[in-house]
2 protein chains.
Amino acid sequence: MMGNKEFHTFRGYEIIKKNKEHLTPSMEDYLEMIYRNCQEEGYVRISKLAEKLNVKASSASKTVSKLAEIGHLDYEKYGIIRLTTKGEIMGAFLLDRHETVEAFLRHIGVLDTVLLETELIEHYLSIDTVKNIKILNEFLTNSPEVLEKLRHFKANYDDRNPPACGR
Amino acid sequence: MMGNKEFHTFRGYEIIKKNKEHLTPSMEDYLEMIYRNCQEEGYVRISKLAEKLNVKASSASKTVSKLAEIGHLDYEKYGIIRLTTKGEIMGAFLLDRHETVEAFLRHIGVLDTVLLETELIEHYLSIDTVKNIKILNEFLTNSPEVLEKLRHFKANYDDRNPPACGR
DNA sequence: ATCATAAGTTAGCCTAGGGAAACTTTTTCA
DNA sequence: TGAAAAAGTTTCCCTAGGCTAACTTATGAT
């Protein structure tokens, strides 16, 4: 009995969200990385950005132009990339969101794939959900005894739940 | 100082994962929905699937053919859609993953957007992460006192953290 | 049994975002 | 200062997964 909730495919959701000057996941990745670099050096260039994001310069060039059009970047051909105030605010949000997700994944015991999964998940969290995760993170950080219990619970989990078809 | 971690854009990750018979997010959505329907009625048809996923029949037809090629479905032109054993196993996994994410979001207090975000996030979680979230869910379910503390912590959060630039 | 309608498929188009290759601009340095 | 190298851009191509329109197959009612 699943009620009459509205399902959409992943792509469908993306299309729904895509109006106005909505940032796509890729654009968010670019902006986040630009923000990181501008924090350190005040600006960044296409080649460096492309290198850090593991894409080709041609792709970076294209996307940076889009971000500039939307008003997140100060950029003109062959020049350096800087954030506008708008871009600065957005970048700070994106980085914070990233760190929130990353911290959460570490809290629950994800190890090797933290960065990979953070990058994938972060784009799809609403502001509200990020906030809720942030609260959970803080709650756990401030409650070492709870974290301890969780670790204990986790350690015993496999004993209580043997692999399916086990025995 | 962020070390020399490897960043990729969202798209880049997708491309990395995309080898072999990897299911794309859309294909996962289709398979999950097919699984839900087959649980209830044993089979499903293109038109019903398209309706439930809010896509056109032409799109559903295309994707179903792909899923059949990969061996998840028993399907031939104009016929009914059934799961193969392989598809059954995959579908069960997908549904479980979905429910795990959904339960987690509810635990942390996400309300209105639960379905939307579940659909978006689920595709990007590794098996390991799903398992960790599952453990967290169980832990919380089994520890009403912790959940109570979390709710309390959350209730007080805004007092301790006034909106940015507040005052 | 036939024919209208419903269901499904195919072909062709669109978009984002990747890449390669060719071209242009900028920088460097002898 | 001028030529080679590096950096950036443009054009064109590819893929997935939507869509529409046109076509094909299946169904059901008389």
Side-chain angles (χ1 to χ4, degrees), chain A residues 7-34 37 43-70 73 75-82 119-120 123-124, chain B residues 7-34 37 43-70 73 75-82 119-120 123-124:
Chain A
F7 278 85
H8 297 80
T9 64
F10 172 83
R11 192 83 179 196
Y13 280 126
E14 287 208 323
I15 289 167
I16 286 172
K17 287 200 312 175
K18 152 191 107 166
N19 304 315
K20 317 174 199 179
E21 10 175 288
H22 163 255
L23 296 182
T24 63
S26 270
M27 288 160 85
E28 288 187 350
D29 284 329
Y30 277 92
L31 194 46
E32 189 182 316
M33 186 56 81
I34 291 166
N37 273 265
Y43 71 95
V44 66
R45 296 195 142 274
I46 293 288
S47 54
K48 176 143 186 183
L49 185 58
E51 187 200 321
K52 291 240 186 176
L53 289 170
N54 282 282
V55 297
K56 301 296 168 186
S58 56
S59 305
S61 180
K62 221 195 297 189
T63 305
V64 164
S65 300
K66 269 188 228 162
L67 286 171
E69 260 176 46
I70 303 180
L73 305 178
Y75 181 67
E76 27 197 77
K77 275 190 179 191
Y78 302 104
I80 61 176
I81 303 164
R82 291 173 182 286
E119 286 285 321
L120 291 172
H123 310 290
Y124 299 108
Chain B
F7 279 86
H8 298 80
T9 63
F10 171 82
R11 192 84 181 194
Y13 280 126
E14 288 208 321
I15 290 167
I16 286 173
K17 288 201 311 174
K18 152 188 106 167
N19 305 314
K20 317 174 201 178
E21 9 175 286
H22 163 254
L23 296 182
T24 63
S26 269
M27 288 160 83
E28 288 186 350
D29 284 329
Y30 277 91
L31 195 47
E32 190 182 317
M33 187 56 81
I34 291 165
N37 273 265
Y43 71 94
V44 66
R45 295 196 144 274
I46 293 289
S47 54
K48 176 141 186 185
L49 185 59
E51 186 200 321
K52 291 241 186 175
L53 289 170
N54 282 283
V55 297
K56 301 297 168 185
S58 56
S59 306
S61 180
K62 221 198 297 191
T63 305
V64 164
S65 300
K66 270 190 226 161
L67 286 172
E69 260 176 47
I70 302 179
L73 305 178
Y75 181 68
E76 26 198 78
K77 275 190 177 192
Y78 302 102
I80 61 175
I81 303 165
R82 291 173 181 286
E119 286 286 322
L120 290 171
H123 309 290
Y124 299 108

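In what follows, every chain begins at residue 1, and chains take the letters A, B, ... in the order their sequences are listed.
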Please determine if a side-chain N or O atom of [X] lies less than 4.0 Å away from the OP1 or OP2 oxygen of [N].
X	N	answer
B/S61	C/dT10	no
B/Y78	C/dA6	no
B/Y75	C/dT9	yes
B/K66	D/dA16	no

- prompt: Do B/S58 and D/dT20 share a donor-acceptor pair, side chain to base, under 3.5 Å?
  reply: yes
I need the [atom1]-[atom2] distance between [X] and [N], as an integer number of Å.
X	N	atom1	atom2	value
B/Y30	D/dA16	OH	P	14 Å
A/Y43	D/dA7	OH	C1'	13 Å
A/H22	C/dG17	NE2	C1'	14 Å
B/K56	D/dG18	NZ	C1'	11 Å
A/N54	C/dG17	CG	P	17 Å
B/M27	D/dA16	CE	P	9 Å
B/K77	D/dC23	NZ	P	16 Å
A/I81	D/dG8	CD1	C1'	10 Å

query: Between NZ of B/K48 and OH of B/Y43, what distance do you get to the nearest 0.5 Å?
result: 8.0 Å
Within a strict 4.5 Å, meaning less than it, do heavy atoms of the [X] and [Y] side chains meet?
X	Y	value
A/L49	A/V55	no
B/N37	B/I81	no
A/V44	A/M33	no

task: Can you figure out which of C/dG18, D/dG18, D/dA7 approaches the side chain of B/S26 most closely?
output: D/dG18
query: Which one, C/dG18, D/dG18, D/dT9, comes nearest to the side chain of A/I46?
result: D/dT9
- request: Would you kindly compare B/S59 and A/T24 by the position of their nearest DNA chain C nucleotide and give the one closer to the 5′ end?
  value: B/S59
query: On DNA chain C, nearest-nucleotide positions of A/R45 versus B/K48: which is more 5'?
result: B/K48
- prompt: Taking for each residue the nucleotide of DNA chain D with the nearest heavy atom, is it B/A60 or A/E76 whose nucleotide lies nearer the 5' end?
  reply: A/E76
- request: Mind checking A/T9 for me? I need base, sugar-phosphate or nothing, with any heavy atom below 4.0 Å counting as a touch.
  value: sugar-phosphate
message: Considering every strand and a 4.0 Å limit on heavy-atom distances, what is the contact class for A/K62: base, sugar-phosphate, or nothing?
response: base
field: A/E119 and B/F7: CA distance, side-chain angles, deciding distance, side chain to side chain contact (heavy atoms under 4.5 Å, CB included) verdict
entry: CA-CA 8 Å; A/E119 286 285 321; B/F7 279 86; 3.2 Å; yes
